[in-house]
**Student:** 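This is the structure I have questions about; it appears just below.
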Amino acid sequence: TPAPTRNAGRVPAVPAARRLARELGVDLAQVRGSGPNGRIRLEDVSAHAQTAPAQQTSAAPPPAPAP
Amino acid sequence: MTNSYDFDVLVIGAGPGGYHAAIRAAQLGLRAACAEREAVGGVCLNIGCIPTKALLHAGEQVAAARHASDFGLTFGEQKLDVAKLNGWKDGIVKKLTGGVAGLFRANKVTHLVGQASFVDAHTVKVGDKTYTAANVIIATGSEPAKIRGLDVDQQYIVDSTGALNVPDPIPARMLCVGGGVISFEFSHIYNNLGSKVKIIEFLPTIIPGADADAVKEFGKSMKKQGIEFETETKANSAVKKDDGVHVEIENVKTGEKRTEVFDRVLVAVGRRPRLDGLNLEVTDVAQNERGFIPADEQQRTNVPHIFAIGDVAGNPMLAHKAMKEGVVAAEVIAGKPAAQDAVAIPGVVYTSPELAWVGLTEQEARDKGYDVRTGVFPLSASGRAMTLQQTDGFVKMVVDHDTDLLLGVHIVAAHGSDMLGEASLALEMGATATDVALTIHAHPTLGETVLEAAEAVHKQAIHIMNR
Amino acid sequence: MTNSYDFDVLVIGAGPGGYHAAIRAAQLGLRAACAEREAVGGVCLNIGCIPTKALLHAGEQVAAARHASDFGLTFGEQKLDVAKLNGWKDGIVKKLTGGVAGLFRANKVTHLVGQASFVDAHTVKVGDKTYTAANVIIATGSEPAKIRGLDVDQQYIVDSTGALNVPDPIPARMLCVGGGVISFEFSHIYNNLGSKVKIIEFLPTIIPGADADAVKEFGKSMKKQGIEFETETKANSAVKKDDGVHVEIENVKTGEKRTEVFDRVLVAVGRRPRLDGLNLEVTDVAQNERGFIPADEQQRTNVPHIFAIGDVAGNPMLAHKAMKEGVVAAEVIAGKPAAQDAVAIPGVVYTSPELAWVGLTEQEARDKGYDVRTGVFPLSASGRAMTLQQTDGFVKMVVDHDTDLLLGVHIVAAHGSDMLGEASLALEMGATATDVALTIHAHPTLGETVLEAAEAVHKQAIHIMNR
Ligand SMILES: Cc1cc2nc3c(=O)[nH]c(=O)nc-3n(C[C@H](O)[C@H](O)[C@H](O)COP(=O)(O)OP(=O)(O)OC[C@H]3O[C@@H](n4cnc5c(N)ncnc54)[C@H](O)[C@@H]3O)c2cc1C
Ligand SMILES: Cc1cc2nc3c(=O)[nH]c(=O)nc-3n(C[C@H](O)[C@H](O)[C@H](O)COP(=O)(O)OP(=O)(O)OC[C@H]3O[C@@H](n4cnc5c(N)ncnc54)[C@H](O)[C@@H]3O)c2cc1C
């Protein structure tokens, strides 16, 4: 389990990564940052966006069986 | 964007918030208009940020000429042509406001001249014409708060606008009511130009919101330069008489009252949102208890197509916050993923030394539960500061001990506002004190004091002993 | 660390490289010594960075007093007491070098006075005592290169050390041979103090290594201020006669020669490693073809326990590079995971405006195969610059189009070196132009020009039209 974030804490993410996360609809809290302190960089957001939809798809209801 | 409206976006107010919003909207291909009833550029360019900085520079040059004798440069009698000083300052303002008007033209922002008022949530009357807009951005700014008993006549009892008009002769005795940024900037100007200046502040501290140690260091330098200030003190009344303005001053702790006489009194006790004539009532836009219009991270008010930015949207009432919010609102309207998600908004008192800070104060960090470490490095240990004859001040870093994350940077230094760029970027990037300490800083620069403060967090500053 | 040696680390040379190494070693608990045959502080504090900056400030104050009439401040006759100027400058040097000596004592660094020479790879003789050390750091710096036909007499034909001693009267006509940083700094000083200055440079460009556009912008301002310079031009000989120093000047393209007469000639044509008396031959330490001692990322020479740092280790010969390398060497010796792995080492010409840069020039970036985008923002569009009467220059950003990664920042601006902190941190943090553009920069500051240059990369600067 991830360490609890401090009440005051924020996920350190560089400004461009924050913007990309909004653009891709990615929740920064779900992104694993690769920088020191888990700092989220641009590449972390794109990497997350590439894997996360796949996870969502697997969680989605299976497609209707072909007739 | 639907074409049934006259504009995709209509901005009310051409201050820094408004003109940034309008220009960015136009850059993004939106049909943008900007309404202004006074002068393009708003408070900031006309009667705020810019003219104060011009006068501050002039005052500092007077002081610098005095200090030049330290290195053997002396001058014959010094003369200040006050009319020329005011004219020079006004010339800069004119150049900049003219520049903004030119940018409106070049970017094809429609500049609407006149008072804007809502007709309904999508319709705004400007002067005697009426326009519809898919989105409206309220950027009407703020105006000086008033205080009972101190009636501003803009001659003897002035607000910040009146104080920008330097009188000839320079007032011998000046009182500044309010111990915030504006008061200190004007005190610094008039002190350098020859006034004997006193500041009184109601609260227990000057420059509320800044780090306590930084304020102490800053106050020390201001005192040394001849600016007096008293906290927990208020002005009850000011009356112009033959020998000057008689001010009743009260110590708010003891209740003790006394009367002092000044040649000029500046009232600078805060600012309030400016909404007169806007006819906001015809919309459903909500205001908070102090009259400001709250907005979310996208700068939307509670009415989704009406945005509020800058001073009218609340604290901190600073031009760069207004600019950021203006850009965000425009980008959001253009469908971009923008947000006002700044980690920190910097603040500066443009005196000499400057007090410049960004991020959490030590106390704020403790209150948030961080295990705080600080690193302090004095300007007096900087070679560059010595060569610039500017050794007052320090850099203080506030750092989270657990993660080494930088939480705040508090600078009292000449050129402090220039050093703030690094501090702001560091906070936005989630930098650690180690990141700053490992970055090579050119020698000899004032910026090395930022490096050394970061090293001091780890007790490894080179040019001081680390306790 | 084994105790069979007198010291864990013995540093040769107490310049910025050496004293940083010694102090950091002591901070980390090592038994450290630092040998110095001349003055603690090395070239930088005694005859380099610091005294030049002091004189630059003095010269700028003379110029500032002239420009003060723009805002109505005028002075009677101006007088410069040259002896006092030299004394003030020397006082700053004394204070700083005294400070370093004090830091040695406080940190318990053993300060060895005298010429150091190797007896063997672990033994160094200083004066007439001999010491053994587990590790040795060579930090002996550099000295001015000489040029045939221009014999430095330190009175009429001077090197940088001689030029620091400002003569009375100020020389009317001055020639600076060499178009690098040192030459421009002295030109700026003497030009402000009243000399008519000309610079000649052998290469096709001044300030080699800096961005071509930045150099052009910088040169434009220098010319405007009255400093002349010619490239592809050299000095063949200089002979002192009754009416001045006769210099034969040759256009290296046409071969055309002429003789001009100056009151003083500065020779500043580069620097070479200083190794005299070191007896390096008794070690196996290798030198390169130009005499420098190459070192790896840990600052180790080819002999693992002997380190080389600073100027003696090669280009760029800058104090902050020496400091960084000193700290790295000390930390490596203490077993820490340190490396000189800086993305970029900043460079500054401390004139007004300053030329300050860090990272790749546009050409270097293209040569490395990047798809380069640039963003340029002129100081003339900065409100703060106007209020400071300093509107010359620009900020230019060099960015990789594919990744938006910042590759280089090139600043021509007053306070440019203060703005470099942000640029350096940005490069070290791997920031993108977007990161800089999204960071709120306080208004009105010179640092906003950095923000706007970043916006200009994306054609979204607010205060200029983006082509
Ligand atoms: C003396 C002084 C010094 C300052 N120095 C600094 C500083 O150094 N740095 C800093 O960051 N901040 C500074 N500030 C604060 C800064 O000026 C404000 O934060 C900034 O101007 C706010 O911008 P804005 O766009 O929100 O509003 P404003 O600048 O207030 O502009 C609002 C504009 O809207 C127009 N308007 C209002 N209502 C209507 C209407 N109904 N119809 C048409 N037009 C309308 C007004 O005429 C005005 O031009 C200073 C303020 C003062 C007073
Ligand atoms: C006019 C001028 C201006 C400059 N301005 C700047 C500037 O603004 N910014 C910048 O970054 N750089 C500047 N430099 C360059 C800077 O001074 C050098 O890069 C820096 O001093 C190098 O530091 P160092 O520790 O390697 O060597 P040095 O500073 O050269 O110090 C070496 C020391 O070793 C001592 N030494 C040598 N051999 C022995 C021996 N055998 N025994 C004992 N002691 C010995 C010397 O006496 C000397 O004190 C300037 C240089 C000059 C000349």
Side-chain angles (χ1 to χ4, degrees), chain B residues 20 23 27 49-50 53-54 57-58 61 64-65 68 70-81 84-85 88 92 96 106 319-320 324 342 345-346 348 383-384 386-388 415 417-422 424-426 428-429 431 435 439-447 450 460 462 465, chain C residues 20 23 27 49-50 53-54 57-58 61 64-65 68 70-81 84-85 88 92 96 106 319-320 324 342 345-346 348 383-384 386-388 415 417-422 424-426 428-429 431 435 439-447 450 460 462 465:
Chain B
H20 273 68
I23 291 173
Q27 287 176 337
C49 325
I50 296 299
K53 297 333 154 270
H57 172 68
Q61 293 300 94
D70 290 357
F71 58 80
L73 181 65
T74 50
F75 301 97
E77 208 203 347
Q78 172 183 305
K79 273 173 65 180
L80 180 65
D81 179 338
K84 198 162 179 190
L85 173 61
W88 172 75
I92 292 174
L96 284 167
H320 42 278
K324 175 74 170 187
I345 297 172
V348 180
R384 190 75 197 284
M386 288 183 203
T387 65
L388 291 171
H415 303 195
S417 64
D418 300 322
M419 292 146 74
L420 211 48
E422 176 176 12
S424 296
L425 186 73
E428 295 297 336
M429 297 287 293
D435 287 321
T439 295
I440 296 184
H441 287 64
H443 178 81
T445 60
L446 296 174
V450 176
Q460 293 204 324
I462 292 289
M465 282 312 291
Chain C
H20 273 68
I23 290 173
Q27 286 176 337
C49 326
I50 296 300
K53 291 348 153 262
H57 171 68
Q61 293 301 95
D70 290 357
F71 58 80
L73 181 64
T74 50
F75 302 97
E77 207 204 348
Q78 172 183 304
K79 273 172 65 179
L80 179 65
D81 179 338
K84 198 162 179 189
L85 173 61
W88 171 74
I92 292 174
L96 283 168
H320 42 280
K324 174 73 169 188
I345 298 172
V348 181
R384 190 76 197 284
M386 288 183 204
T387 65
L388 292 172
H415 303 196
S417 65
D418 300 323
M419 292 146 74
L420 211 48
E422 176 177 11
S424 296
L425 186 72
E428 295 297 336
M429 300 276 301
D435 289 321
T439 295
I440 297 183
H441 287 64
H443 178 79
T445 60
L446 296 175
V450 176
Q460 293 204 324
I462 292 289
M465 282 311 291

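Note on naming: letters A, B, ... go to the chains in the order of the sequence lines (proteins, then strands), and numbering restarts at 1 for each one. Basis for what follows: all heavy atoms, side chains included, without hydrogens, waters or symmetry-related copies.
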**Student:** Among B/Met386, B/His57, B/Met465, who wins on heavy-atom pairs under 4.5 Å with chain C?
**Tutor:** B/His57
**Student:** Taking C/Met419, C/His441, C/Arg384 one by one, which has the highest count of heavy-atom pairs under 4.5 Å against chain B?
**Tutor:** C/Arg384
**Student:** Nearest 0.5 Å, what's the CG-NE2 distance between C/Leu420 and C/His320?
**Tutor:** 8.0 Å
**Student:** Heavy-atom pairs under 4.5 Å with chain B: which of C/Leu446, C/Val348, C/Ile440 has the most?
**Tutor:** C/Ile440
**Student:** Atom CZ of C/Phe71 and atom CD of B/Gln61: how far apart are they, to the nearest 0.5 Å?
**Tutor:** 5.0 Å
**Student:** Would you mind checking which part of C/Glu77 comes under 4.5 Å of any heavy atom in chain B, side chain (CB onward), backbone (N, CA, C, O), both or neither?
**Tutor:** backbone
**Student:** What distance separates C/Thr439 OG1 from B/Met429 CE, expressed to the nearest 0.5 Å?
**Tutor:** 7.5 Å
**Student:** Below 4.5 Å from any heavy atom of chain B, which atoms of C/Leu73 appear? Answer side chain, backbone, both or neither.
**Tutor:** both
**Student:** Can you tell me which portion of C/Lys324 sits under 4.5 Å from chain B's heavy atoms? Options are side chain, backbone, both or neither.
**Tutor:** side chain
**Student:** Using non-hydrogen atoms only, which part of C/Ala68 is less than 4.5 Å away from chain B: side chain, backbone, both, or neither?
**Tutor:** neither
**Student:** Within this structure, what is the CD1-NE2 distance for the pair B/Ile462 and C/His20, rounded to the nearest 0.5 Å?
**Tutor:** 5.0 Å
**Student:** Among residues at least two apart in sequence or on other chains, which ones pass side-chain contact (heavy atoms from CB on, under 4.5 Å) with B/Ala54?
**Tutor:** B/Trp88, B/Lys89, B/Ile92, C/Thr387
**Student:** Looking at B/Gly447, B/Ala342, B/Ser417, which makes the most heavy-atom pairs under 4.5 Å with chain C?
**Tutor:** B/Ser417
**Student:** Give the member of B/Asp70, B/Thr445, B/Leu80, B/Thr74 that has the highest number of heavy-atom pairs under 4.5 Å with chain C.
**Tutor:** B/Thr74
**Student:** Can you tell me how far NE2 of C/His443 sits from NZ of B/Lys53, rounded to the nearest 0.5 angstrom?
**Tutor:** 8.0 Å
**Student:** Check each atom of C/Glu428 against the heavy atoms of chain B and say whether the ones under 4.5 Å are side chain, backbone, both or neither.
**Tutor:** side chain
**Student:** Among B/Ala319, B/Ala106, B/Ala65, which residue forms the greatest number of heavy-atom pairs with chain C at distances under 4.5 Å?
**Tutor:** B/Ala106
**Student:** Side chain, backbone, both or neither: which part of C/Val450 has a heavy atom under 4.5 Å from chain B?
**Tutor:** neither
**Student:** Of all of C/Asp81, C/Asp418, C/Leu85, C/Ile345, which one pairs up most often with chain B through heavy atoms under 4.5 Å apart?
**Tutor:** C/Asp418
